[in-house]
Number of protein chains: 2
Amino acid sequence: MPLSRERVLRAAVDVADQGGIESLTMRRLAEELGAEAMSLYYHVANKEEVLDGIADVIATEINDVVDQIDAPSKGPDWKKAVRQRILSAREVLLRHPWAPGVFDTRTNLSPAVVQYIDALVGLMRDGGFSNDLAHHALHALGSRALGFTHELFDPSDGAGDEGGAAMLEMADRLPHLVGMMMEVAHDDPDSTLGWCDDQFEFEFGLDLILDGLDRIRETA
Amino acid sequence: MPLSRERVLRAAVDVADQGGIESLTMRRLAEELGAEAMSLYYHVANKEEVLDGIADVIATEINDVVDQIDAPSKGPDWKKAVRQRILSAREVLLRHPWAPGVFDTRTNLSPAVVQYIDALVGLMRDGGFSNDLAHHALHALGSRALGFTHELFDPSDGAGDEGGAAMLEMADRLPHLVGMMMEVAHDDPDSTLGWCDDQFEFEFGLDLILDGLDRIRETA
DNA sequence: ACCTGAACACCGTTCAAGT
DNA sequence: ACCTGAACACCGTTCAAGT
């Protein structure tokens, strides 16, 4: 089977899925395809084009999933329809944890992402959004529209269990944060320090925004 | 003047400010300091530590600015206080456009960022937030808490003025998006395609979230 | 048309050696 | 204690050359 742009991009996704995005080098990608690194340049201009390409592959996978959803979106139903779409997109991205980072660095926008956004605007228009409100809504959602957010920090490491003395010193400098952590961790003693339920928090933020938009929509 | 961790990090910020983050290499950084690349390793463990370091330098600059704000935050005043803080943080980041991207890749969290977040939780507590609500609020704000969001795409390029024929073809595939763009661009004929006012959109999304939180706070 | 070998410029980093 | 020269492994990429 000869090489092709298609095969190169699919292999690139496989490499990133298996070894993470930092393992995706032109030489490693060629190896995956049983070819030499230089052969790739016949099918793609450079590595940037590979990154643009795999972003588009993932966005296409998202579109394939969400386009099978057939939810009513007229009037007040818009919110459930949009919510379902975004959470489905998120499920796809959870299978490709490197993808959000790649989307972030893309300056060229993926056609499949534009297609996704277009459908989202369509749902909001069904809900009675003005074009102006739909536009602001896209900005308000930001990366959440595609199903991810950028965590400020990963609570899994750092600030860990350094023993009581360091904890007391920390409580002095960070009274509010330590107080919050202790109380929230106390309420949910299962997860001692992996104390954030990503899915729950994502939905909380998403609903906060969707509810706010719905309120503006009604009074417009 | 001998090298020092401090000088290395300040020089790294200068290099990034001047030439962008991709211009920040160990060799270029050493040149800026009139030294050899290998000398840097006496003061920092590796490049990752440089990146952790400059993230912390910027976060410290943010703290220096926001700590001078003395706004009332009790009860309903919390929202104005938080809003002002976040918009001030944003002003600092606009002077270091590379910084959001660096924050994003940091897996080790900057002490100065933690300090910033702690103060933010304090303001919310002043406003009557439960620790639980403050915790969800941090996740809902996400990177917006620090004053930035990740744009889905940069409207300055792509989808540009490819003439009427391509536009008609685009309108066919992307009816909602093209319709939205045409209407919003029509309302604001100044900015033909740089049609998004970043500052306005940032504040719109921020206020949407803050208003939603305020409503939950009141009914709690 | 499609693939490759040799080579180049550029990384981050190690380590033994200088002062 | 602080800095450096030489060297290594690894990048992305060019280009002339193979089939």
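Chain A is the first sequence line, chain B the second, and so forth, proteins listed ahead of strands; every chain is numbered from 1.
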Legend entry - Charged N-O contact under 4.0 Å between B:R173 and B:E169: yes
Legend entry - Of residues 29-39 of chain B, the positions that come close to DNA chain D - non-hydrogen atoms, cut-off under 4.0 Å: B:A35, B:E36, B:M38, B:S39
For [X] and [Y], work out which heavy atoms get closest and say how close.
{"X": "B:I69", "Y": "B:S88", "answer": "CD1-OG, 3.5 Å"}
{"X": "A:R144", "Y": "A:G205", "answer": "NH1-CA, 3.5 Å"}
{"X": "A:I21", "Y": "A:W98", "answer": "CB-CB, 3.9 Å"}
{"X": "B:A11", "Y": "B:E32", "answer": "CB-CG, 4.1 Å"}

Inset, instruction - Spell out, as yes or no, whether a donor-acceptor pair under 3.5 Å connects the side chain of B:Y116 to the backbone of B:A145. - result: yes
Inset, instruction - For A:R27 and for A:L40, find the nucleotide of DNA chain C with the closest heavy atom, then tell me which residue's nucleotide is more 5'. - result: A:L40
Legend entry - B:Q68 atom CD, over 12 foreign heavy atoms within 6.0 Å: no
Inset, instruction - Name the first nucleotide and the last nucleotide along DNA chain C (5' to 3') that come under 4.0 Å of a heavy atom in chain B. - result: C:dC11 to C:dT14
Does [X] reach the side chain of [Y], with side-chain heavy atoms less than 4.5 Å apart?
{"X": "B:I58", "Y": "B:V102", "result": "no"}
{"X": "A:L168", "Y": "A:D172", "result": "no"}
{"X": "B:V178", "Y": "A:D118", "result": "no"}

Inset, instruction - Dot-bracket for DNA chain D, please, read 5' to 3', with Watson-Crick or G-U wobble pairs under 3.5 Å on both distances, ( ) within the strand, [ ] crossing, | other strand, . unpaired. - result: ||.|||||...|||||.||
